[in-house]
Each structure stands twice: as structure tokens, then as C-alpha cells.
Amino acid sequence: MRIVRDRSELLHLMNELRKENPGQLVGFVPTMGYLHSGHSTLIDHARKTSDFVIVSIFVNPTQFGPGEDFDRYPRDEQRDLKLCLSHGVDLVFLPDCEQMYSNLHATYIQVRGISNVLCGAFRPGHFDGVATIVGKLFNLIQPDMAYFGQKDGQQIAIIKKMTRDLDFKTHIVVVPTVREPDGLAMSSRNVYLSSDARKIAPVVFKSLCEAKKRFDDHSIRSAETLISTVKERLSSAGEIEIQYVEIRTTEDLQPVETITEPVLLAVAVILDRVRLIDNVILNPREDEHDPSR
Ligand code: AMP
């Protein structure tokens, strides 16, 4: 496994790789490190469906707002490298901040319309930072496929739109959310949870499942009713601050009243000062789809 910290070396290696093996499919998994089974599942998908697997590990400062946890974001390079090695990664790109952003960096990618809703409403500028770093990494690596987790549903919508709008050649592959046995979505930030908060945290996914059951088994199609189901379940758990519970279309993140197409039911809460997000997709039967869309 190659470990590369320098972007010129990465560019050089990518050129060599493409010269030596022109038909080789390059699969890319961008991460911020502190890797867990969610990340390794992405890597395993990449390993199965591409020939050369690259993982980047970079805690991207431009996607953290003032007062957010950039400085204390968990990091463990040695453990991450071991995980990458054991999952058959070919190359790990581990740049530092100077490698990715010079002092004079002034250019940002902004995916308009869908970056300032849901999480974007609570984290201004966050998705500009995400789109910018992913765009930069796509330019350096030029992957055939890039793998993203469904856990970050809004991120997927934004990256897919950026890829289409800016004519990146990379195909975006979405991998289902990986969960702890009690349903909590795996996240590097789960380590911040106190043991009491950790016991409460599964209510986030439970509340989504309750709404999904009402949608699937009882044909409830009113977004407002399903949102209330989630909010009531979350409120019953006590010390949870709800940032949002929303139902929006999966691609253009438009709010809906009656569900006639696949939608994202997404939640963000603060529990014990830790921000947790999760989502499920609600998919109506084919005959319910609105033919005008
Ligand atoms: P992060 O390191 O948090 O920036 O995440 C890197 C990638 O891993 C993103 O595409 C995330 O959506 C994905 N990811 C993080 N947690 C999970 C999870 N529990 N299940 C699936 N993918 C995940």
C-alpha cells in the first residue's frame, strides 16, 4: 500500500498508473479519517468494483464553521492506515492543510439552492467546503468511481449535482448506512457521546423507523404526519435538541407535502453537545409516482 502525502507525487503516480494500465478503473473513497466500519464498507465496495482503490484521509478545515470541532476532531493515523491495509487499499492520500490549501486559496465550489437547507441551514458554508475539497480531490485523482455513504444524504445530493454541473467524469456510488447493532449510524463523532447519551442515541434511528413503518405499512403519505411521528418519538427521549426533521426530494431537496416520489426523511439532533444526523429513504409504490415529474 502506497502512502502519499504530497500532491505532486500523487499526480505523478496517477500519470504513471494510467500509462502502465490504461484500462484500469480507479475507485476513490474520500474520508476525514478516524475510520470505522462505515468507511471500511465503502472501501470494500470500492475493492469489489474497481481495480485500484484510493482512500484520502484529510480533516478538511473549510467545511468546519467557527466554533465547530475542527481542532478536536478525532484523529488516529496509525489505526486508519492499518484498517486501509487490511481492506486491500492500494494508495492512501494523506495531505496536510498546506498541501490542499495555499495561503492564497480563494476559489470555492458552491452548489446553489441545495447547500443552505437541512444541515446547511445550521452549518453555513459547510457544503461549500465539502464541494470544494471533493472537487479538488476529483481533479487530482480523476477517479472513475467515487463512493459515498447514504448517512450523509444531503452530501450525496450535492456531490451528484456538482459532478453533473461541472462535468466531472466520476461516477458517484452510494453505499447504505452502516449501523451499530442498536441502530445508531456509525460516525467518527460517536466517540464524543457520554455513556448516558450513547444509551439514548439509538432513538434517532428508531424514530425514523417508526415513521417508515407508518409510511410502508399504513400508507401514510402526509409529510407533516410522518414528521410529527419522528418529533414525538425524539421528544419522548428527554434531553434531545431537535435541529430539524424534514422530508425532501432526494435529488433537488425540495420540500414536499404529499409523498409521490422517493424522498429523504432526514434528522439532525444535538445530544449531549454532539450533533447526530441520520436519514431513511421513503419510496412510494410505482403506481403512486406523480407522472408530471
Ligand atoms: P467522513 O469521514 O465522516 O467525512 O465520511 C467519509 C465517507 O464515509 C462519507 O461518504 C460518509 O457518508 C461515509 N460514512 C460515514 N459514516 C458512514 C456510515 N455509518 N455508513 C456508511 N457510510 C458512512
Side-chain angles (χ1 to χ4, degrees), residues 27-50 53-65 68-70 72-77 79-81 83-84 87 89 92-95 100 118-120 123 126-138 141 143 145-163 170-193 198 201-202 204-205 208-209 250 264 266-268 274-281:
F28 173 46
V29 181
T31 82
M32 296 208 300
Y34 212 69
L35 304 179
H36 50 66
S37 300
H39 298 109
S40 59
T41 303
L42 262 60
I43 295 171
D44 293 343
H45 273 260
R47 189 65 283 168
K48 275 193 212 121
T49 51
S50 48
V53 176
I54 303 182
V55 171
S56 66
I57 297 176
F58 178 61
V59 184
N60 173 37
T62 63
Q63 69 190 69
F64 289 77
E68 289 190 348
D69 56 347
F70 174 69
R72 69 175 192 124
Y73 193 84
R75 294 163 168 89
D76 191 339
E77 190 177 299
R79 199 178 61 123
D80 287 350
L81 289 173
L83 182 141
C84 288
H87 285 265
V89 172
V92 182
F93 182 46
L94 264 169
M100 295 311 292
L118 300 173
C119 289
R123 305 186 68 188
H126 168 68
F127 288 111
D128 299 351
V130 170
T132 302
I133 193 64
V134 172
K136 282 169 69 67
L137 291 165
F138 279 11
I141 294 168
M145 274 94 71
Y147 301 80
F148 291 86
Q150 178 59 44
K151 198 200 110 206
D152 300 276
Q154 184 173 13
Q155 173 168 282
I156 287 168
I158 287 167
I159 298 300
K160 280 186 170 171
K161 187 150 177 53
M162 174 192 85
T163 305
T170 304
H171 174 65
I172 306 301
V173 182
V174 179
V175 177
T177 303
V178 179
R179 301 179 179 282
E180 301 287 357
D182 60 10
L184 176 65
M186 288 194 174
S187 162
S188 306
R189 289 190 170 100
N190 289 350
V191 292
Y192 298 152
L193 290 167
R198 177 63 189 80
V204 176
F205 184 52
L208 293 173
C209 289
T250 51
L264 192 69
V267 174
V274 183
R275 190 167 186 277
L276 301 175
I277 60 167
D278 204 345
N279 68 76
V280 292
I281 306 249

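Residue numbers start at 1 and run along the sequence shown. Whatever order the structure lists ligands and atoms in, that order sets their numbers, starting from 1.
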Nearest-0.5 Å distance that lies between atom CG in Leu137 and atom OG1 in Thr132: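 Answer rounded to 0.5 Å: 11.0 Å.
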[atom]: the protein heavy-atom neighbour that sits closest, reported with distance to 0.1 Å:
atom: atom 9 (C) of ligand 1; result: Gln155 NE2, 3.8 Å
atom: atom 5 (O) of ligand 1; result: His39 NE2, 3.5 Å
atom: atom 22 (N) of ligand 1; result: Gly149 CA, 3.4 Å
atom: atom 4 (O) of ligand 1; result: Met32 CG, 3.6 Å
atom: atom 20 (N) of ligand 1; result: Val178 N, 2.8 Å
atom: atom 11 (C) of ligand 1; result: Asp152 OD2, 3.1 Å

Given that the side chain starts at C-beta and the backbone is N, CA, C, O, which of these parts of [X] lies under 4.0 Å from ligand 1, counting heavy atoms, or is it both or neither?
X: Pro176; result: backbone
X: His36; result: side chain
X: Leu42; result: side chain
X: Pro30; result: backbone

Check for me whether Arg79 meets the cation-pi criterion with Tyr34, that is, NZ or CZ under 6.0 Å from the six-membered ring centre and within 45 degrees of the ring axis.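 Yes - Arg79 lies over the ring of Tyr34, closer than 6.0 Å to its centre and within 45° of its axis.
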[X]: numbered ligand 1 atoms lying under 4.0 Å from its heavy atoms:
X: Thr177; result: 20 (N), 21 (C)
X: Thr31; result: 2 (O), 6 (C)
X: Phe148; result: 10 (O)
X: Met186; result: 16 (N), 17 (C), 18 (C), 19 (N)

If you compare all heavy atoms of [X] against all heavy atoms of [Y], which two are closest, and at what distance to 0.1 Å?
X: Lys151; Y: Ser187; answer: NZ-CB, 3.8 Å
X: Ala268; Y: Ile277; answer: CB-CG2, 3.7 Å
X: Leu193; Y: Ala201; answer: CD1-CB, 4.1 Å
X: Leu83; Y: Ser40; answer: CD2-CB, 4.0 Å
X: Thr41; Y: Val175; answer: CG2-CG1, 3.9 Å
X: Thr177; Y: Ala185; answer: CG2-CB, 3.8 Å

More than 12 heavy atoms of other residues, nucleotides or ligands under 6.0 Å from NZ of Lys161: is that the case? no
